[in-house]
Number of protein chains: 2
Amino acid sequence: MKQSKISEAVVKRLPVYLNVLTELSKRDVQTVSSQELGQKLDLNPAQIRKDLAYFGEFGRKGIGYDVSYLIEKIRQILKLDKPLHVALVGAGNLGHALCNYNTYVEDNMKITAVFDAHPGKVGMKINGLTVQPMEELKETVGRLDIRVGIITVPAVEAQNVADRFIEAGIEAILNFAPVILKAPDEVRIHHADFTTQLLSLAYYLDKERDETDEGMAD
Amino acid sequence: MKQSKISEAVVKRLPVYLNVLTELSKRDVQTVSSQELGQKLDLNPAQIRKDLAYFGEFGRKGIGYDVSYLIEKIRQILKLDKPLHVALVGAGNLGHALCNYNTYVEDNMKITAVFDAHPGKVGMKINGLTVQPMEELKETVGRLDIRVGIITVPAVEAQNVADRFIEAGIEAILNFAPVILKAPDEVRIHHADFTTQLLSLAYYLDKERDETDEGMAD
DNA sequence: TAGATTGTTAATCGATTAACAATC
DNA sequence: TAGATTGTTAATCGATTAACAATC
């Protein structure tokens, strides 16, 4: 388990595998081959086998992978075999959306505290949780053993929130604000800004439409 | 302009550049070097120069890049030099969040129609837009020249929405549901499911905490 | 002129894919 | 045994980085 060598690309695919496997499990599928998985996910079967092989020998030659067993193993790898507590700052629409999502709950990841700097938001109930003021962040994070933070505040406030998270001992942050956060190397930061994703999509639009209609556009 | 050769990695970075450049522009910064950009974005300056050089010679040796000019050029590359209309299906919290975001508006990208399959949602006002029933999707997409679609519905409904989009002639889709969508090759699909992103974050948590506290945990 | 910085080629690094022996 | 499929090594492919001539 020389985890140091495992690339980000591999790690990013693990939850995707988990996703499909959970689907299969619900449909009572017992066994799956790398080829079947590859088809479903539009990935090369060799890549899937290689990804998994970084962490151990989970399959059986000639047979494939046992769905339940592989789910269990991937959960272990992702450290989702124990409940993992998450804090969220920013009780706007996006914050609400994330709190109401419960896909990750069955994966042992759960948002257990919500904060907002604006007094108008404090006290609100979101999916059973009460929005707390920022002043309570540090104490709550410690008390509930929260290790992951989500930032869903406007860009200007994001770095400040990150600093608070770091100060409180958060180990990893998922940032939805369109800002590059500064943080010490020990704190893992992932960027989930969808503005960027949306804009990049435009590149792939058919040019023809512009070129062909050049003269008659408008 | 052999666009065929440009990798997805490069295209994904362009909006990020645009972001920082817009920031700089607001602060009336005239000129920026690849080194400065690299520092801000935590990227190798050579990479930034190379990315830009795929599309033309936008800088001046010994000087750097003119901020406004580079913004203009990147907008052109991303086809954001003209207004680009976007439709969104799924008027839940996430849909609301995206509609209220206006970061991309200054980038010429705008959500101009919102749909929802559930009668309870139809007629709602979101940021000036009225939620329409799915039946009106095709007609509206045609009339408003909408070319990009965003899916913010639950996983089970996502493929159906995608099919409707494709039927209506949408060219690119940003999908927030945790499902791999099937679509013809001409339609570009980007995956923006944050469940996956959140789960992968867990991998990077410090194991020590588990190992050290092994005996005394709980 | 001297210093800075681009655009670009060459070198490096890393990730994906193909191929196949091992084995269920 | 024959067919299927893994785990893994080797080959390929692609992306990042270094280096430097060109030039502002």
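It should be emphasised that the depicted structure is a prediction, and the values quoted were computed from it without experimental measurement. Every chain is numbered from 1, with letters handed out A, B, ... down the list of sequences.
Of the possible donor and acceptor atoms, none in the side chain of B/Asn108 sits under 3.5 Å from a partner among the backbone N and O of B/Leu84.
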Scan the side chains in residues 34-43 of chain B for donor-acceptor partners under 3.5 Å anywhere in the protein, sequence neighbours excluded, and list what turns up.
| residue | atom | partner | partner atom | Å |
| --- | --- | --- | --- | --- |
| B/Ser34 | OG | B/Arg49 | NH1 | 3.0 |
| B/Glu36 | OE1 | B/Ser33 | N | 2.9 |
| B/Glu36 | OE1 | B/Ser33 | OG | 3.3 |

Distance-only check: which donor-acceptor pairs under 3.5 Å involve side-chain atoms of residues 152-166 of chain A, not counting sequence neighbours?
| residue | atom | partner | partner atom | Å |
| --- | --- | --- | --- | --- |
| A/Thr152 | OG1 | A/Val89 | O | 3.1 |
| A/Thr152 | OG1 | A/Gly90 | O | 2.7 |
| A/Gln159 | OE1 | A/Lys182 | N | 2.8 |
| A/Gln159 | NE2 | A/Asp163 | OD1 | 2.8 |
| A/Gln159 | NE2 | A/Lys182 | O | 3.0 |

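A/Glu57 comes within 4.0 angstrom of the backbone, heavy atoms only, and of no base. Heavy atoms of B/Arg60 sit under 4.0 angstrom from primed sugar atoms or phosphate atoms, though from no base atom.
For the side-chain hydrogen bond (donor to acceptor under 3.5 Å, both in side chains) test, residues two or more places apart in sequence or in another chain that qualify with A/Lys73 are A/Gln76. Partners of B/Glu167 according to the side-chain hydrogen bond (donor to acceptor under 3.5 Å, both in side chains) rule, which considers only residues two or more places apart in sequence or in another chain, do not exist here.
Residue order along DNA chain C, read from the 5' end via each residue's closest nucleotide, puts B/Ile63 first among A/Lys61 and B/Ile63. Comparing B/Lys50 and B/Ser33, the nucleotide of DNA chain C nearest to each residue sits closer to the 5' end for B/Ser33. Closest-nucleotide positions on DNA chain D for B/Glu8 and A/Leu52 were compared, and the one nearer the 5' end corresponds to A/Leu52.
Taking 4.5 Å as the limit, some side-chain heavy atom of B/Val11 sits within range of a side-chain heavy atom of A/Tyr204.
By the 30° and 60° cut-offs, the orientation of the rings of A/Phe55 relative to B/Tyr203 is perpendicular.
Atom CG in A/Leu94 sits 7.5 Å away from atom CG in A/Leu88 (nearest 0.5 Å).
Between the two ends of the helix from C/dG3-D/dC24 to C/dC24-D/dG3, each summarised by a five-pair axis, the helix axis turns through 10° (rounded to 10 degrees).
Taking the 5' to 3' direction, DNA chain C first and last meets chain B under 4.0 angstrom from a heavy atom at C/dA4 to C/dT9.
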